[in-house]
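Chain letters run A, B, ... following the sequence lines, proteins first, then strands; residues in each count from 1. Both backbone and side-chain heavy atoms feed into the values below; hydrogens, waters and symmetry mates do not.
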Protein chains: 2
Amino acid sequence: MQKYLELLKNCPLFLGVNDDELISMLGCLGARVVPFAKRQTLMEEGEQAKELGVVLSGSVQIVQVDYFGNRNILSDVETGELFGEAFACAEVQSVPISVVASEAGEILFIPYARIEAPCANACGFHRQLIHNLLKIVAAKNLLFHQKLGLLSKRTTREKLTAYLLLQAKKNKSNRFSIPFDRQELADYLGVDRSGLSSELGKMRREGVLRCRKNHFELL
Amino acid sequence: MQKYLELLKNCPLFLGVNDDELISMLGCLGARVVPFAKRQTLMEEGEQAKELGVVLSGSVQIVQVDYFGNRNILSDVETGELFGEAFACAEVQSVPISVVASEAGEILFIPYARIEAPCANACGFHRQLIHNLLKIVAAKNLLFHQKLGLLSKRTTREKLTAYLLLQAKKNKSNRFSIPFDRQELADYLGVDRSGLSSELGKMRREGVLRCRKNHFELL
DNA sequence: TAAAGTCTGTTGAATTTTCAACAAAATAGG
DNA sequence: CCTATTTTGTTGAAAATTCAACAGACTTTA
């Protein structure tokens with residue numbers, strides 16, 4: 001846990017929390033660190049969402065798989081970010097998604113009940129955490145708006161360029177890496193992988209794009 | 001305002017608020033009622049989101065329009081529901097959507113700053129409202145997950161049937177009305193209107209569906 | 001009630017996507 | 001360092017979507 005203190009201090013969930021308090025707070029919250037391997041499932045569709053997860057290292061993806069086995073990647077969660085918080089806050093009985101590790105690492109799981117209810121020690125930070133959570137969940141709403149904007153585009157080309165422009169903006173640079181391989185990007189954009197590859201080839205030939213593996217440059 | 005008290009008491013935003021308190025609370029919050037006409041824009045893309053809206057009567061749609069004029073309907077907001085709350089909570093400088101009335105009615109606008117900050121009178125309900133907001137925003141996240149599930153389907157037929165099944169489930173009945181005309185439904189599902197119409201015709205001929213105007217029955 | 005306007009369903013052609021299959025390139029593991 | 005596996009790019013054919021155009025049904029309003 002000690003080695004992640006710096007990360008946690010900068011995590012939006014703990015914004016405004018005194019550095020000294022952080023450790024005792026984590027104890028009060030009943031937080032626990034869980035290591036995981038690549039491809040491991042951290043939260044299964046249908047489960048009850050009692051905890052939220054903070055990615056301490058590695059990365060995870062939020063995925064849905066429909067009746068016919070089509071994978072839909074809803075989002076990618078990087079170090080310092082949260083997952084499952086919306087389901088916990090909404091107190092859903094059955095989460096509609098699975099969380100799968102894309103890179104091995106460690107998660108900090110925090111029982112939501114401990115965040116929500118003022119505890120026996122009358123810790124003062126619950127109010128702050130709830131405020132932070134509200135802002136985080138609201139910000140995720142914005143991300144969903146963005147993603148809906150991508151998926152509502154009609155062609156692979158439009159989806160792809162809109163996605164790449166968003167990434168460039170997010171990274172404040174025309175050169176950036178994406179957290180997906182080709183198949184994952186296709187599942188994220190809701191398009192066919194081969195069509196995506198061929199569209200990338202076309203853009204390369206048109207000279208608007210350079211890419212190698214998951215590193216891209218817009219020209 | 002008086003005539004909407006019953007509605008507001010059942011509004012998730014005011015869950016747990018004492019009936020007597022409601023009136024004085026609304027005053028303390030600086031809430032104001034605004035009437036609007038059909039097709040009127042209630043919130044414009046690019047604005048700062050300082051207020052959230054509660055639909056008292058009528059209904060509104062959350063829409064995005066891209067560079068080429070393609071309309072994307074993100075959601076439909078009915079009586080008693082909220083809009084703009086996520087942008088207010090996330091304190092965004094520029095909302096990425098517009099809110100347009102689909103039916104004339106009235107809105108209760110509430111400045112978010114008044115909800116968030118404990119007021120001079122030290123009203124006790126701020127904590128409760130924040131909790132309610134958190135749950136509401138988290139629940140909207142779930143709705144977005146659903147919509148992403150729809151949009152990630154590859155064919156018009158799949159999107160349409162998934163949407164109709166969701167509506168049937170939501171209404172707990174195979175007979176239900178939808179809040180969209182054909183063009184709006186197409187813009188909601190991200191498909192071509194004529195293709196949607198023709199798919200509906202096909203389903204009718206297959207005998208799996210009956211529909212007239214915006215009333216549907218699944219067989 | 002008539003006229004104007006809007007909404008819906010149909011059509012066929014052009015475009016785009018999906019699907020399946022394969023080979024080259026890259027990666028991982030022993 | 002070599003082999004097995006995974007990832008990526010390409011292809012062509014089949015399927016589906018989009019687009020534009022139009023006519024009939026339905027609404028609105030004058």
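To the nearest angstrom, P of D:dA20 lies 13 Å from CD of B:Gln183. Between the NZ atom of A:Lys202 and the C1' atom of C:dT17 there is a distance of 11 Å, rounded to whole Å. Atom CZ in A:Arg182 sits about 6 Å away from atom P in D:dT8, given to the nearest Å. Taking atom CG on A:Asp192 and atom P on D:dG9, their separation rounds to 13 Å, with Å as the unit. The separation between B:Leu196 atom CG and C:dC7 atom P is 15 Å, rounded to whole Å.
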B:His145 and A:Ile97: CA distance, side-chain angles, deciding distance, side-chain contact (heavy atoms from CB on, under 4.5 Å) verdict: CA-CA 9 Å; B:His145 274 270; A:Ile97 51 86; 3.6 Å; yes
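The shortest distance between the side-chain N/O atoms of B:Arg157 and the OP1/OP2 oxygens of D:dA16 is not below 4.0 Å.
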How does each nucleotide of nucleotides 22-30 of chain C score, in 5' to 3' order, for protein heavy atoms under 4.0 Å: base (B), sugar-phosphate only (S), or none (-)? -----S---
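No engagement by B:Arg212 is indicated, since no non-hydrogen atom pair under 4.0 Å with the nucleic acid exists. The residue A:Thr155 sits close only to the backbone: its heavy atoms come under 4.0 Å of sugar-phosphate atoms, none of a base. Using a 4.0 Å heavy-atom criterion, one finds that A:Thr156 contacts the sugar-phosphate atoms exclusively. Residue B:Arg39 is classed as having no contact, given no heavy-atom separation below 4.0 Å to the nucleic acid. Within the nucleic acid shown, A:Asp181 comes within 4.0 Å of sugar-phosphate atoms alone, with no base atom in reach, counting heavy atoms only.
By the ring pair (Phe, Tyr, Trp, His ring centres under 6.0 Å) test, A:Phe176 pairs with no residue at all, sequence neighbours left out. Taking B:Ala88 as the reference, B:Tyr112 meet the side-chain contact (heavy atoms from CB on, under 4.5 Å) condition, with sequence neighbours excluded.
Among C:dT11, D:dT8, D:dT11, the nucleotide with an atom closest to any side-chain atom of B:Ser198 is C:dT11. Of the candidate nucleotides C:dG9, D:dG9, D:dT17, D:dG9 has the atom lying nearest to any side-chain atom of A:Ser197.
Using a distance-only test at 3.5 Å, with no hydrogens or angles considered, no donor-acceptor pair links the side chain of A:Lys135 to the main chain of A:Leu13.
Distance OG/A:Ser102 to CZ/A:Arg39: 10.0 Å, rounded to 0.5 Å.
Residues A:Glu116 and A:Lys50 are not paired through a salt bridge, judged by the lack of any N-O separation under 4.0 Å between the basic side chain and the carboxylate.
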